[in-house]
Amino acid sequence: MYQYDELDQAFVDQRVAEFRDQTRRHLAGQLSEDEFRPLRLRNGLYIQRHAPMLRIAIPYGLLASPQLRKLADIARRYDRGFGHFTTRQNLQLNWPRLPEVPDILAELATVQMHAIQTSGNCVRNVTADHLAGIARDEIDDPRPYCEIIRQWATLHPEFTYLPRKFKIAVTGSPEDRAASEVHDIGLHLARDAQGNIGFTVLVGGGLGRAPVIGQVIRDFLPLAELLAYLEAILRVYNRHGRRDNLNKARIKVLVKTLGVERFREQVEAEWQLSRESAARLPATEVERVRSFFRPQPYEALEDFDASAGREPAFQAWYRYNTRPHRVSGYRAVFVSLKAHGQNPGDMSSQQMEAVAALAERVSFGLVRATHNQNLLLADVRQRGLYEVWLELERHQLAMPNIGTLTDMIACPGLDFCSLANAGTLGVAKQIQERFDNLDYLYDLGDIEIKMSGCMNACGHHHVGHIGILGVDKHGEEWYQITLGGSANGFTALGEVIGPSVPKNEVAATIERIVEVYRALRAEGERFIDTFRRVGLTPFRQSAYATHPAAA
Amino acid sequence: MRRILRRREIVVDDWTHLGEDAVDGAALIVPLAELRKDPGRWWQWSGRLGVRLTPVDRVEELADELPRLDLVAVEFPTPVDGRGYSQGRLLRERLGFRGELRAVGAGVRQDQVFLLARCGFDAIELTDGEDPDAARRALQRYDVAYQPGSPETAIRRQRFFA
Ligand code: HEM
Ligand code: SF4
């Protein structure tokens with residue numbers, strides 16, 4: 001993985017010193033809350049329902065064991081002994097104390113980590129496919145480019161005060177596991193006719209209030225032009241994006257207002273004019289960064305069926321929680337943060353330490369955070385899978401439900417978030433309880449549930465096969481359900497099934513929906529494919545205990 | 001007596017904004033809208049002339065007039081309105097403006113000065129109540145940077161170059 005050089009280290013250290021000074025001035029009354037807010041946000045610090053919330057960046061999801069151990073240690077010493085992994089490959093702490101945040105950031109800096117630009121209206125953590133570097137369908141590893149973009153975007157002098165937050169995702173595979181089409185910029189690695197690396201550039205995707213799928217503005221951008229082109233996009237946005245209305249300030253609104261054609265013309269014109277003065281990306285720098293992401297020193301091993309002859313519990317785990325690897329003899333292993341009875345994405349310090357140690361033994365000391373709020377051990381020898389399973393079991397991290405209905409995404413909702421309309425964690429629990437039968441889950445197959453506690457869509461509900469959105473109905477928590485959303489390779493926004501349902505009806509409604517699927521599916525057909533074939537109507541007709549007109 | 005940060009020094013401001021007491025022959029900063037309204041008058045001004053831009057003003061429209069201007073002031077109405085950073089870089093890098101590039105407005109505070117300097121602002125007129133000494137120190141908060149930028153700050157190591 002990438003290792004900081006002297007520049008990177010000096011930068012994070014100086015950043016901590018700056019934030020320490022800003023925090024001191026705030027606590028001394030020299031910076032009002034309004035003045036402090038944009039400064040703290042750019043260091044990952046929100047003020048939430050109960051306490052501050054600190055969002056720590058895990059660039060493109062990659063963590064080394066000492067880093068995960070440090071996170072465990074910080075969560076234990078400065079918080080309540082657990083953290084929450086988010087859909088954008090960050091870790092959130094829900095109870096840090098403001099005066100101690102500079103100390104937390106200083107601790108992070110000792111392991112080459114930070115919370116820079118994880119919130120605020122600036123370029124956020126750049127995310128990537130969690131199977132980067134090991135996927136069989138990959139054109140090129142996206143992580144070196146994420147790292148280059150991370151560095152370029154860090155305290156960018158021109159783009160630190162954008163109209164609104166700005167999210168970039170890079171994917172190297174046709175199956176888009178980074179949800180890049182719902183990012184402000186999505187970069188798809190591509191090769192031109194000569195085999196040179198470059199990117200297809202999408203802009204204007206985003207969820208939130210008005211979800212939009214990104215559109216292509218350039219089919220092929222040569223690698224050397226990456227930073228110049230990003231600068232051109234950001235400059236057009238920084239100058240012309242709306243600042244009068246927070247809800248219209250995302251780049252998607254600018255793209256829509258101008259039309260994608262005119263937006264493209266402006267970017268291309270800006271790019272031509274600014275190529276000379278923009279940051280260059282020399283091949284030597286690309287090589288330097290790429291050298292940190294070389295394939296691991298794999299052993300020469302044969303593939304074999306590690307599950308043959310083992311007990312059914314292991315077989316189920318093997319089938320659901322491991323994935324093929326590019327290199328024979330290895331598999332990727334999900335660490336499920338979706339055990340029934342726990343909040344999706346939460347992990348205790350003790351679990352983090354166990355995984356950090358396990359990764360050192362079996363996966364080159366590296367761990368990845370996934371967009372679906374799980375972790376991944378990317379490079380595990382098939383021969384060692386059984387021991388890995390036992391160890392994960394011991395720590396309640398082996399729930400064999402990856403890709404199934406209870407591997408759901410949920411934002412923190414009303415329990416933690418001051419913007420929430422409704423709770424998400426209680427609903428997650430309700431769903432886990434109702435769908436606690438693994439055979440039933442397996443029969444349902446691949447289903448993605450994504451849940452947000454309000455329109456801001458932190459839980460990506462628009463792109464869930466089943467989306468759940470908390471709404472406020474006269475002070476009560478209600479839930480609107482959408483079907484048919486998707487974010488991998490075939491991005492689609494879900495359709496609202498009908499009137500929203502009360503809290504205690506959510507899991508039952510979902511059960512009725514999946515029963516419709518069970519009745520209508522063709523042999524081997526996934527939920528999302530059945531939905532695409534038959535449409536919303538049959539689901540709508542049966543989703544409600546009473547007819548929708550009466551609900 | 002207003003003190004500003006010019007390059008790395010705190011100096012007494014030798015410019016006057018329109019609306020402040022301007023004696024004949026003073027160096028005067030006039031809003032662009034005002035310059036457009038009465039060009040005959042302002043281009044004949046007896047002293048040095050500067051223009052003040054708001055965030056919506058398009059710097060490209062000034063291209064032909066820049067050689068006749070000694071100063072361009074770019075307004076930051078709040079600390080989070082980042083349009084002026086683009087205006088600054090465009091003035092320097094695209095339009096080749098070599099006169100004084102000054103950040104003005106309620107958004108100009110010590111926590112902004114490092115970014116401003118990197119974008120080519122060589123003069124910083126802090127908003128009322130900001131301590132110029134703290135701002136001068138803030139210019140040196142970082143001695144490394146990832147992006148290209150102008151040399152007002154004390155950068156000893158940089159990753160990307162133009
Ligand atoms: C608890 C504190 C949180 C607050 C106050 C918060 C706030 C927001 C707001 C206001 C938006 C809408 C932005 C817009 O539409 O322009 C948003 C979007 C989003 N947030 Fe959060 N969020 C929080 C936690 C999370 C968590 C835990 C996650 C991940 C699980 C997350 C991931 C996202 C994502 C992926 C989006 C959608 C991005 C898009 O609109 O394109 N946030 N958040
Ligand atoms: S979706 Fe709404 S409730 Fe959930 S974390 Fe985001 S802002 Fe909070």
Side-chain angles (χ1 to χ4, degrees), chain A residues 5-15 17-19 21-22 25 30-31 34-39 41-42 120-122 148 150-163 227-228 231 234-241 243 270 273-282 285 288, chain B residues 55-60 76-90 92-96 106-107 109-121 127 129-131 134 137-138 140-150 152-162:
Chain A
D5 68 2
E6 189 270 336
L7 189 167
D8 301 303
Q9 189 65 48
F11 180 83
V12 291
D13 291 342
Q14 290 166 17
R15 177 72 164 197
E18 177 183 51
F19 189 64
D21 178 59
Q22 291 165 342
R25 282 186 279 138
Q30 296 163 19
L31 276 176
D34 278 352
E35 290 163 350
F36 185 51
R37 185 182 307 111
L39 306 174
L41 286 176
R42 281 162 185 73
N121 298 331
C122 50
I148 287 166
R150 181 190 77 80
Q151 297 189 16
W152 162 81
T154 297
L155 197 60
H156 194 292
E158 186 177 349
F159 305 130
T160 293
Y161 291 95
L162 296 170
L227 301 182
E231 286 208 18
L234 268 295
R235 179 171 284 167
V236 169
Y237 173 55
N238 190 44
R239 296 182 79 188
H240 305 300
R243 290 175 188 262
E270 179 58 43
L273 286 169
S274 56
R275 272 162 101 163
E276 296 305 313
S277 55
R280 278 180 297 113
L281 180 54
E285 179 59 12
R288 183 184 78 89
Chain B
V56 295
D57 291 329
R58 284 177 45 82
V59 290
E60 289 88 340
F76 292 80
T78 71
V80 297
D81 189 329
R83 286 174 285 191
Y85 296 106
S86 289
Q87 290 171 315
R89 277 191 74 190
L90 286 169
R92 285 287 193 233
E93 294 167 20
R94 182 161 310 159
L95 304 175
R109 304 189 173 179
Q110 62 162 298
D111 295 299
Q112 267 65 42
V113 301
F114 177 77
L115 298 175
L116 289 168
R118 294 299 287 163
C119 286
F121 289 87
T127 190
E130 285 283 293
D131 172 8
R137 286 194 301 277
Q140 329 257 330
R141 268 186 202 162
Y142 293 92
D143 68 5
V144 292
Y146 287 105
Q147 308 79 6
S150 57
E152 296 302 325
T153 51
I155 298 302
R156 61 177 172 82
R157 220 182 136 188
Q158 178 180 313
R159 179 77 79 221
F160 298 110
F161 294 84

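The sequence lines fix the lettering, A, B, ..., with proteins before strands; numbering per chain opens at 1. Just so you know, these numbers come straight off a predicted model, no measurement behind them.
Contact annotation: the side chain of B:Y142 approaches that of A:R15 to within less than 4.5 Å [non-hydrogen atoms, C-beta and beyond]. Between B:V80 and A:Y161, the closest side-chain pair of non-hydrogen atoms falls below 4.5 Å. Inter-residue side-chain proximity for A:F159 and A:R235 is flagged as met; some heavy-atom pair is nearer than 4.5 Å. Using a 4.5 Å heavy-atom threshold, the side chains of B:Y85 and A:H156 count as separate.
Heavy-atom pairs under 4.5 Å with chain A were tallied for B:R58, B:E93, B:Q87; the largest tally goes to B:E93. Ranked by heavy-atom pairs under 4.5 Å with chain B, the list A:N121, A:D8, A:L227, A:L162 is led by A:D8. Most heavy-atom pairs under 4.5 Å with chain B, from the set A:E35, A:Q30, A:R239: that is A:R239. Heavy-atom pairs under 4.5 Å with chain A were tallied for B:R92, B:Q158, B:E60; the largest tally goes to B:E60. Comparing A:E6, A:Q22, A:E276, A:R275 by how many heavy-atom pairs each has under 4.5 Å with chain B, the most go to A:E6.
With a threshold of 4.5 angstrom between heavy atoms, B:R109 approaches chain A through side-chain atoms but not through N, CA, C or O. Contacts between A:Q9 and chain B at a heavy-atom distance below 4.5 Å are absent for every atom of the residue. For B:R94, the part sitting under 4.5 Å from any heavy atom of chain A is the side chain, from C-beta outward, and nothing else. For a residue to count as touching a neighbouring chain, one of its non-hydrogen atoms must lie under 4.5 Å from one of that chain's; by this rule B:A117 does not touch chain A. Looking at A:T160, only its side chain comes within 4.5 Å of chain B, counting heavy atoms on both sides.
A:R25 pairs by the salt bridge (Lys or Arg N to Asp or Glu O under 4.0 Å) definition with A:D21, B:D111, not counting sequence neighbours.
Salt bridge absent: A:E18 and A:R42 never bring a charged side-chain N and a carboxylate O closer than 4.0 Å. Salt bridge annotation for B:R159-A:E285: present, with a cationic side-chain nitrogen under 4.0 angstrom from a carboxylate oxygen.
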